[in-house]
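Contents: one structure, followed by commentary.
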Amino acid sequence: MAYKLLVVDDEWDIVDSMRSRLTREGFTVTVASNGEEALRKVKEADPDIILLDLTMPRMNGFEVLREIRSKFTDRWRPVIIISAQTDLAVFKHAYSLEADHYLTKPCKMEDVLRGIQTMISLMPLRMPSADSHAPLPPVAEAPALKPLTPPVQIKEYAFKEIEEKWQRYWQEHRAFKAEISAKKKFYCLEMFPYPSGKIHMGHVRNYTIGDVYSRYKWIQGFSVLHPMGFDAFGQPAENAAIKNKTKPDSWTYKCIGEMERELKRMGLSYDWDREVSTCDAGYYKWNQWIFLKMFERGLAYKKASSVNWCASCATTLANEEVVDGGCWRCHTPVEQKELEQWYLKITEYKGRLLEDLDELSEWPERVKAMQTNWIGKSQGVEIYFHTKDDNQLIPVFTTRPDTIFGATYIVLAPEHPMVEQLIKGRPAEQAARAFIDKVKKESKTVRASAEVKKEGVFTGALAINPVNHEEIPIWIADYVLMEYGSGAIMAVPTHDQRDFLFAKEHGLSLRVVIQPENKPALSPETMTEAYEGDGLQVNSGHFNGLHNQDAKHKIAEWMKQHKTGKIQTHWRLRDWLISRQRYWGTPIPIIYCEKCGIVPVPYEELPVKLPSDAPFTGEGGSPLGKVREFVEVKCPKCKADARRETDTMATFFDSSWYFLRYCSPQNAQLPFDPREVKYWMPVDQYIGGIEHAILHLLYSRFFTKFFKDLVMLEFDEPFTNLLTQGMVLKDGEVMSKSRGNIVDPDSMIQKYGADALRLFMLFAAPPETELEWDDRGLEGSFRFLNRVWRIQADIKDQVAPGVTRALHKAIQKITDDVENFKFNTAIAGMMELVNEIYKNGADKPIYEALLIMLAPMVPHFCEELWETLGHKESIFKAQWPVCDPALLVEESVEMVIQVNGKVRSRIVVPTDTPAEKLKELIIADARSQEYLQGKPMRKFIVVPNKLINIVV
RNA sequence: GGGCGGAUGGCGGAAUUGGCAUACGCGAUAGCCUUAGGAGCUAUUGGGGUAACCCUUGGAGGUUCAAAUCCUCUUCCGCCCACCA
């Protein structure tokens, strides 16, 4: 039986070593690093023996022991105290609390094991006795525990001091100040964070990747712009305001401060002088400026649309705030409410947004595919159906005009404007109205998520199919959306799965109009699902026999001629709703006047500032609407009493142009200085999560094109290269609070230093793929740094030529890998070089070259060693090592000899030995001959300096 | 349902794009060393077999002198979008 041990100590390294050693001895080991955790673990893991340290923060060992003795009395649980306390009073007190054994730190592992063995041997003798349930006898007051001298510095390099030292150095020397110069520029940008106050592993990964690349560019001699800022508007600040009675601005700035500190502890090479926060009036002023420019050009406009509305909170809800059809805060059922809202006419740029994707050769294909789908250009035909009774037009959009002869009914969305007149006075009116009301009540999310079941009602009206003049019924169904196409479809149940299901459900007729080739013929009676593939036209009048792909065009053409339809391009992209009925965002700079209507705030009055004293109750609509001084204004045109817009902008607006603001963050005349932008833009490398593949990137592209149209920019696309980094997982799952599997970056920095953390993040996986968090892996990175650290103690004057060759091979590989973001293999290359150095030694130039290549990844560490080696300037002023191809050439190579594709032998030959010579050598090679056995060679294939394959 | 991407040792991942599968790291095993312990150093580590040798990149087939890589079929997984007409 494996005994279960619980080891409790606040010193992580002791706990860890005990765990590994005791596990090796065959025990099941649970660990805890503080008293509270220990008690929880006693309950969960039910340990047989407990090893307990006395001095721990918050709850000391005495208290833990007391708790264990009073709460866990079901059986005897030996407790071994392992403590550095040598005071007799402490010793006595521990025993008075029924400790079973006391070991003084530092102690030998053998003593620990012996102690455990003794406890095990005693176990059968010590059953729970009656008096163990009795309350503990009163004991003398616990003696004070002496604070322990901190454990000896076990780290071989003092990362803490080193990291602080160099962070200070970079700050004081403005080491990463971006400046316009004659040098080639490089703009490296990572998506700026929402200032939640704490960084998470995703940030660490994102920013480390960007940091390595920009530091690499620094060393390469580029003029680098590497800025950081905060996407600081948004709901969490408002929620915090309601909950904690704070103000959104002070809460946000506090979070920014905390986040900044954490980012700085990562040692990131930002030009902090260019920091931007979108909630600064100096920033959002330009949001308003841009909005007005768009308004002038008719790109910002107002239109009614339905929103999720909570009647009890009197507020709008984002889709994410609708939980099970109810308000996330008060669970009141969510309704759809029509509100006048501001939109941006992004659809005006749809063609350019689609076409210019071709320019983006360095973007991941999948991001481009996602954008293409989002814009959703599709070619089709708008077919004109008419009602039978009063000849009213019902246009219907389809991408499958080839199936028109199979249309056996048409379906309107419940919101379709013609529904009312169609049902009026018909027998089905009652049922139809009930159905429409039911659908209207459902929020969009509910309606979209309702799977499979397709509900609908017959209007009682008929329509005429324009190609064959057939009379077909008009239905209303929830599976047709008003937002897409014309809000009406022709239904072809045989060739569209949704129509098929609906027709079967409601007993509507089916007709096959496309027969697949080389497959059994379809018939409506036997079909179990729609056939959506290609085939030959049947039941299609004079189009019979055509392939449906040809018929598509012929039928469209025919309808155009007979004016029964028109060829139409349809786009999925909608205009962008930017109104938010919230406080913590950019106020939309608009004034409503009874006489003059919608009046823009004059430019010279910008910014329209957020009032700082808005009330936060979470109820009764936007807090802005309750601030009289804000709402009540004079009309800029006629000076009459007027009302200010209380909606604010969606935060996506803020982030659609921040990369331009970084070029001249202080500029008071314009959103960005054209001279600076001309030098720095476009962004050479953009790095961020895939979750922004659609909206943020699309909006940024839209803004860029808009600025180009204002002649403020000369380029079409803002981001030349895009890298979408993968997520950080723990145990195969995304790290999240709800899963409780968060690993806090800051605590890892405490333990191993920022450099080790950075190194691990880069080494564990390529940037694009998911990264599985692994404590052990981080330790491995830390170990590697220590290995490199120790080389300094043993630098040779001369080394074997093999080491120099290894260096140059490494330079070639690492340079190529870093350039292409293959950091994991770049680090593997460095590890190989270090292994070589451990075998054969290194001289100073080799060590220095290694440090320079390592510097972008572990900057503090390399700066420190660089200084130790006697350099006065930062390592980032050094030259990136260059590979000398002449040194790569080896005099001899080992070649693999294959016989019939299987490795049978190897020979060492001079480099570039010709094939003829190789043949001779093989005839002389005994091992090869064994396999050839005098059989004639049919083929003799040579891959130079690598491999020979002989076919017999 | 549509689109994109995956599947390689006990684990994270390599493989110059068709040329020695498993680099590098983690974990594991043994030894050395010294320390209370950790750390460090050295060696071994895909599976089977005493060995020669055989097998192995989710599965089945194919192309090729040669396949993780190309082709066909198939299974499973992940992400994004989606009653999109």
Side-chain angles (χ1 to χ4, degrees), chain A residues 13-14 16-18 20-21 24 82 103-112 151-152 154-156 364-367 369-370 372-374 376 378 380 396-400 403 411 447-454 477-481 483-486 488-492 496-499 501-502 532 570 572 690-691 693-694 726-727 732 760 763-766 768-781 783-784 786-787 790 813 816 822 824-825 827-832 835 838 894-903 906 938-941 943 946-951:
Chain A
D13 45 336
I14 292 185
D16 235 46
S17 63
M18 294 261 260
S20 56
R21 183 63 202 274
R24 218 179 303 152
I82 302 182
L103 293 168
T104 324
K105 273 200 226 173
C107 59
K108 288 189 193 266
M109 203 59 215
E110 283 72 64
D111 295 335
V112 176
V152 245
I154 52 147
K155 312 293 177 250
E156 294 200 26
E365 284 306 318
R366 94 176 158 127
V367 173
M370 281 160 81
T372 305
N373 290 342
W374 189 259
S378 59
V396 153
F397 177 75
T398 180
T399 55
R400 293 291 305 272
T403 63
V411 191
R447 201 170 140 190
S449 67
E451 283 180 325
V452 203
K453 202 163 188 193
K454 303 188 186 319
D478 57 358
Y479 78 97
V480 174
L481 305 174
E483 291 84 34
Y484 192 84
S486 57
I489 63 159
M490 64 173 201
V492 186
D496 181 288
Q497 184 61 20
R498 286 159 306 160
D499 296 344
L501 292 174
F502 190 81
E532 296 182 341
H570 184 264
R572 212 193 70 109
I690 187 76
E691 66 273 21
I694 298 178
M727 287 185 294
F760 169 71
F763 180 59
E768 302 86 355
T769 59
E770 292 171 337
L771 184 152
E772 174 71 30
W773 176 261
D774 179 12
D775 289 303
R776 300 281 194 175
L778 176 56
E779 275 181 62
S781 297
R783 265 205 298 265
F784 171 70
N786 279 312
R787 260 166 93 76
R790 266 180 265 126
K813 178 183 172 54
D816 187 62
K822 289 155 83 178
N824 56 332
T825 51
I827 293 167
M830 303 213 225
M831 286 171 168
E832 279 175 272
N835 289 344
Y838 264 72
E894 187 190 63
M895 291 184 74
V896 167
I897 301 173
Q898 295 184 334
V899 178
N900 289 340
K902 297 207 164 174
V903 181
R906 286 155 201 275
R938 282 205 301 155
K939 259 186 189 173
F940 190 80
I941 296 145
V943 182
K946 259 186 194 158
L947 164 150
I948 302 152
N949 193 9
I950 306 160
V951 189

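Naming: A, B, ... by sequence-line order, numbering from 1 per chain.
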Item to complete: Taking atom C1' in both B:C70 and B:G31, compute the distance separating them and give it to the nearest angstrom.
Response: 48 Å
Discussion item. Using the P atom as the point on both nucleotides, what is the distance between B:G58 and B:A15, in whole Å?
Written reply: 16 Å
Discussion item. What's A:Asp816 touching, base or sugar-phosphate or nothing? Going by heavy atoms closer than 4.0 Å.
Written reply: nothing
Discussion item. I want to check one thing: is the phosphate of B:C4, taken as OP1 and OP2, less than 4.0 Å away from some side-chain N or O of A:Asn373?
Written reply: no
Practice prompt. Using the C1' atoms only, state how far B:G9 lies from B:G27, rounded to an integer number of Å.
Written response: 12 Å
Fill in: Dot-bracket encoding of pairs in RNA chain B, which uses [ ] for pseudoknotted crossings and | for another strand, Watson-Crick or G-U under 3.5 angstrom
(((((((..(((......[....)))((((((.......))))))(((....)))..(((((..]....))))))))))))....
Discussion item. Does a side-chain N or O of A:Arg366 approach OP1 or OP2 of B:C81 to a distance below 4.0 Å, or not?
Written reply: no
Worksheet item: From the list B:C26, B:C80, B:C84, which nucleotide is the closest neighbour of the side chain of A:Asp774?
Response: B:C26
Worksheet item: Residues two or more places apart in sequence or in another chain: which of them pass salt bridge (charged side-chain N to carboxylate O under 4.0 Å, His left out) with A:Asp496?
Response: A:Arg498
Worksheet item: If you measure only the distance, is there a donor-acceptor pair under 3.5 Å linking the side chains of A:Arg572 and A:Asn373?
Response: no
Practice prompt. Please tell me which of the listed nucleotides, B:C20, B:C24, B:G27, lies nearest to the side chain of A:Met831?
Written response: B:C24
Worksheet item: Distance between the C1' atoms of B:G13 and B:U35, in whole angstroms?
Response: 35 Å
Item to complete: Side-chain contact test, heavy atoms from C-beta onward, threshold under 4.5 Å: evaluate it for A:Ile948 versus A:Val896 and give yes or no.
Response: no
Discussion item. Using only atom types and a distance under 3.5 Å, with no angle test, would you say the side chain of A:Tyr479 pairs donor to acceptor with the backbone of A:Phe502?
Written reply: no
Worksheet item: Taking the P atom of each, how far is B:A21 from B:A30, in whole Å?
Response: 31 Å
Practice prompt. Determine the contact category for A:Val951: base if any of its heavy atoms lies under 4.0 Å from a base atom, sugar-phosphate if only primed atoms, P, OP1 or OP2 are that close, otherwise nothing.
Written response: sugar-phosphate
Discussion item. From C-beta outward on A:Trp374, which listed nucleotide comes closest to its side chain: B:C80, B:A82, B:G40?
Written reply: B:A82
What does the list of N/O pairs under 3.5 Å between the protein and nucleotides 41-45 of chain B look like, with a distance for each?
from, atom 1, to, atom 2, distance (Å)
B:C41, OP1, A:Arg787, NH1, 2.6

Fill in: For B:U17, glycosidic torsion class - syn if within 90° of 0, otherwise anti
syn
Kindly give the atom pairs (protein nitrogen or oxygen, nucleotide nitrogen or oxygen) under 3.5 Å for nucleotides 14-19 of chain B.
from, atom 1, to, atom 2, distance (Å)
B:A14, OP1, A:Asn824, ND2, 3.2
B:U16, N3, A:Lys946, NZ, 3.3

Worksheet item: P atom, B:G61 versus B:A14: distance in rounded Å?
Response: 29 Å
Worksheet entry | Heavy-atom pair with the smallest gap, counting every atom of A:Leu947 and A:Met895 | N-CE, 3.7 Å
Practice prompt. Tell me whether the OP1 or OP2 atom of B:A82 has a side-chain N or O from A:Arg498 closer than 4.0 Å.
Written response: no
Provide a list of protein-nucleic acid N or O atom pairs under 3.5 angstrom, restricted to nucleotides 53-55 of chain B.
from, atom 1, to, atom 2, distance (Å)
B:C53, OP1, A:Tyr931, OH, 2.7
B:C54, OP1, A:Arg904, NH2, 3.3
B:C54, OP2, A:Arg904, NH1, 3.4
B:C55, OP2, A:Lys902, NZ, 3.3

Discussion item. Suppose you measure atom P in B:U56 against the same atom in B:G62; what distance do you get, rounded to whole Å?
Written reply: 14 Å
Worksheet item: Which atom pair, heavy atoms only, marks the closest approach of A:Gln497 to A:Glu532?
Response: N-OE2, 2.7 Å
Worksheet item: Under the rule syn = chi within 90° of 0, otherwise anti, which is B:G47?
Response: anti
Practice prompt. State whether A:Arg783 places a side-chain N or O below 4.0 Å from either non-bridging phosphate oxygen (OP1 or OP2) of B:G25.
Written response: no
Fill in: Check: A:His570 side chain, A:Gly485 main-chain N or O, donor-acceptor pair, under 3.5 Å
yes
Response to the item:
Sorted by chain and number, sequence neighbours left out, salt bridge (charged side-chain N to carboxylate O under 4.0 Å, His left out) with A:Arg906 holds for A:Glu894
Item to complete: Could you give the distance separating B:G37 and B:C32 at their P atoms, to the nearest angstrom?
Response: 15 Å
